[in-house]
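These notes are about the structure you will find just below.
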Amino acid sequence: MSRLQGKVALITGAGSNPGLGYSIALRFAEEGARLAISDINEETLRLCETAIRKIGAEVIAFRQDVTSEPGWAQAMDAILSKFGRFDVLVNNAGIAIQKPIEELTLADYERQMSVNMTSVFLGTRAAIPHLRKAGGGSIVNISSIAGLVGIPGVSAYSTSKGGVRLFSKTIAIECARDQIRCNSLHPGIIETNIQKGSLTDNPEQYQAIKASVPLGRMGSPLDVANCVVFLASDEASYVTGTELVVDGGWSSM
Ligand SMILES: NC(=O)c1ccc[n+]([C@@H]2O[C@H](COP(=O)([O-])OP(=O)(O)OC[C@H]3O[C@@H](n4cnc5c(N)ncnc54)[C@H](O)[C@@H]3O)[C@@H](O)[C@H]2O)c1
């Protein structure tokens, strides 16, 4: 398969298995992309790098804290010197701080915004000149259903993900004439490491969550990765500024 043949893509937060970035990176590799993958956790990132090499795709992997402005400049330099071009940015790295509003500290709030929202601003701004030089490209920002509707206990997380949604629409319009597309993707409840503890380690809550999803199951990382492949590919060449919801129907209720 070659839906991303020759495209050079950066996936952030690719070091978690099961995780969305990991799965997106592998699907991109299967579709012919040349990959840069990054994560704050270099040890687990190496496992993703190995899995991509097994598929036979070209890959560079480097430690990156997505909240660091110089880190973004270094990431772009590394990609340009290895591949000579840049086509697709997937802003995936994220954390979820779950606390009732009165227990949420200012430090919690600022950390949540920094990792989930400021990072998307920094990454997008760093990528745009290179996407323009390539004649256009695709930015996929991983938001959440929490960026669409209110969910108790995740006020800062929701704020960050709602911000990603409208930031993406603004960039879509601002950069459209450069043929740079920008979309947000809104996963529902997906079985990854981010859900450990809150859901999957709590059997009762796990069953209740499953029952609450119209399609009757939690999503898999592959469910999300397949949709990111679409948004990154030329099949989505007329799709920009949209919000693609991948939640088994949850937010339609
Ligand atoms: N799993 C879900 O149910 C779900 C639902 C909606 C949205 N999302 C979003 O999808 C994205 C991926 O989530 P996931 O479920 O794969 O989570 P995960 O915890 O499995 O993976 C997240 C990865 O991001 C990395 N990371 C964290 N902080 C970072 C930083 N400062 N710099 C670089 N890397 C950093 C982590 O090391 C980890 O490898 C996140 O943005 C998350 O908010 C997930």
Side-chain angles (χ1 to χ4, degrees), residues 10-27 36-49 51 61-72 74-75 89-98 110-123 126 140-149 151 154 156-165 167-168 184-201 205-206 209-210 212-213 217-225 227-228 231 243-248 250-251:
L10 168 62
I11 322 285
T12 67
S16 173
N17 183 20
L20 300 188
Y22 185 98
S23 196
I24 293 163
L26 262 59
R27 280 295 292 121
I37 54 170
S38 73
D39 203 288
I40 202 165
N41 185 336
E42 195 166 358
E43 201 182 316
T44 55
L45 184 68
R46 293 293 159 203
L47 303 174
C48 185
E49 183 187 18
F62 46 84
R63 187 186 181 279
Q64 180 190 13
D65 179 346
V66 291
T67 68
S68 158
E69 188 173 19
W72 275 104
Q74 286 161 11
L89 171 62
V90 182
N91 281 310
N92 166 75
I95 57 171
I97 298 176
Q98 304 192 24
E110 287 178 342
R111 178 78 188 141
Q112 185 66 87
M113 293 302 286
S114 173
V115 177
N116 286 16
M117 175 70 250
T118 310
S119 65
V120 174
F121 152 66
L122 290 173
V140 183
N141 293 326
I142 306 298
S143 177
S144 168
I145 46 172
L148 300 173
V149 297
I151 299 177
V154 290
Y157 181 76
S158 290
T159 306
S160 70
K161 293 301 189 180
V164 166
R165 171 178 173 266
F167 177 80
S168 304
S184 58
L185 188 142
H186 299 255
I189 305 147
I190 315 295
E191 292 202 56
T192 69
N193 285 324
I194 214 171
Q195 300 287 12
K196 282 250 165 73
S198 68
L199 292 182
T200 43
D201 293 349
Q205 197 174 0
Y206 182 73
I209 292 284
K210 272 194 348 193
S212 75
V213 179
R217 64 174 176 89
M218 287 172 75
S220 73
L222 190 58
D223 289 324
V224 174
C227 294
V228 181
L231 288 176
E243 46 198 65
L244 180 51
V245 183
V246 187
D247 70 347
W250 189 89
S251 61

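Whatever order the structure lists ligands and atoms in, that order sets their numbers, starting from 1.
Distances below 4.0 Å separate heavy atoms of I142 from the following atoms of ligand 1: 9 (C), 10 (O), 11 (C). If you number the atoms of ligand 1 from 1 as listed, the ones under 4.0 Å from a heavy atom of G19 come out as 16 (O), 20 (O). Within ligand 1, counting atoms from 1 as listed, the ones closer than 4.0 Å to a heavy atom of Y157 are 6 (C), 7 (C), 8 (N), 9 (C), 42 (C), 43 (O). Distances below 4.0 Å separate heavy atoms of P18 from the following atoms of ligand 1: 20 (O). Near G15, with a cut-off below 4.0 Å to any heavy atom, the atoms of ligand 1 are 39 (O). The S16 neighbourhood of ligand 1 comprises atoms 18 (P), 20 (O), 21 (O), 38 (C), 39 (O), with distances under 4.0 Å to a heavy atom of that residue. Contact atoms of ligand 1 toward N193: 20 (O) (distance under 4.0 Å to a heavy atom of the residue). Listed by atom number, the atoms of ligand 1 under 4.0 Å from Q64 heavy atoms are 32 (N), 33 (C).
Note that CD1 of I11 is 11.0 Å distant from CG of L20, once rounded to the nearest 0.5 Å. Residue M218 holds its CE atom at 9.5 Å from OG of S212, rounded to the nearest 0.5 Å. The CG atom of N91 lies 9.0 Å from the CE atom of M117; values are rounded to the nearest 0.5 Å. The CD1 atom of I95 lies 9.5 Å from the OG atom of S119; values are rounded to the nearest 0.5 Å.
The closest protein non-hydrogen atom to atom 15 (O) of ligand 1 is T192 OG1, 2.4 Å. For atom 3 (O) of ligand 1, the closest non-hydrogen atom on the protein side is Q195 NE2, 2.6 Å. Protein heavy atom closest to atom 22 (C) of ligand 1, with residue, atom name and distance, is G94 O, 3.8 Å.
Of the N or O atoms in V66, one or more lie within a sub-3.5 Å distance of an N or O in ligand 1. Annotation: S144 places no N or O atom under 3.5 Å from an N or O atom of ligand 1; distance criterion only. Close N/O approach between I190 and ligand 1 is found [any backbone or side-chain N/O within under 3.5 Å]. Polar contact check, N92 against ligand 1: a nitrogen or oxygen pair lies under 3.5 Å apart. Between L20 and ligand 1, at least one N/O pair is under 3.5 Å apart.
Contacts between K161 and ligand 1, counted as non-hydrogen atom pairs separated by less than 4.0 Å, involve the side chain only. Of the heavy atoms in V115, only side-chain atoms (C-beta onward) come closer than 4.0 Å to ligand 1.
Panel note: side chain S114, backbone R111; no donor-acceptor pair is recorded below 3.5 Å. With Q112 contributing its side chain and A156 its backbone, the two residues share no donor-acceptor pair below 3.5 Å. Judged by distance alone, with hydrogens and angles left aside, the side-chain atoms of S158 form a donor-acceptor pair with the main-chain N or O of A146 at under 3.5 Å. No side-chain donor-acceptor contact under 3.5 Å links D39 to the backbone of L45. Side-chain N or O atoms of S143 include one that pairs as donor or acceptor with a backbone N or O of K161 at under 3.5 Å.
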Assess the residue pair W250 and L148 against the criterion (side chain to side chain contact (heavy atoms under 4.5 Å, CB included)); give the C-alpha distance rounded to whole Å, side-chain angles, the decisive distance to 0.1 Å, and a yes or no. CA-CA 11 Å; W250 189 89; L148 300 173; over 6 Å; no

Would S38 and F62 satisfy side chain to side chain contact (heavy atoms under 4.5 Å, CB included), going step by step from the backbone distance to the final call? CA-CA 5 Å; S38 73; F62 46 84; 3.7 Å; yes

Please walk me through it: do S160 and T118 pass side chain to side chain contact (heavy atoms under 4.5 Å, CB included)? CA-CA 9 Å; S160 70; T118 310; over 6 Å; no

Given I37 and E49, is the side chain to side chain contact (heavy atoms under 4.5 Å, CB included) satisfied, shown in steps? CA-CA 8 Å; I37 54 170; E49 183 187 18; 4.1 Å; yes

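Heavy-atom distances between G188 and ligand 1 reach below 4.0 Å in at least one pair. The shortest heavy-atom distance from S143 to ligand 1 is under 4.0 Å.
If you check each of N141, D39, N41 against atom 37 (O) of ligand 1, the one with the closest non-hydrogen atom is D39. Of the listed options S23, G13, A96, G13 places a heavy atom closest to atom 24 (O) of ligand 1. Comparing I209, D65, I194, I40 against atom 13 (O) of ligand 1, the shortest heavy-atom distance belongs to I194.
You'll find the side chain of V246 reaches within 4.5 Å of the side chain of L185, heavy atoms only.
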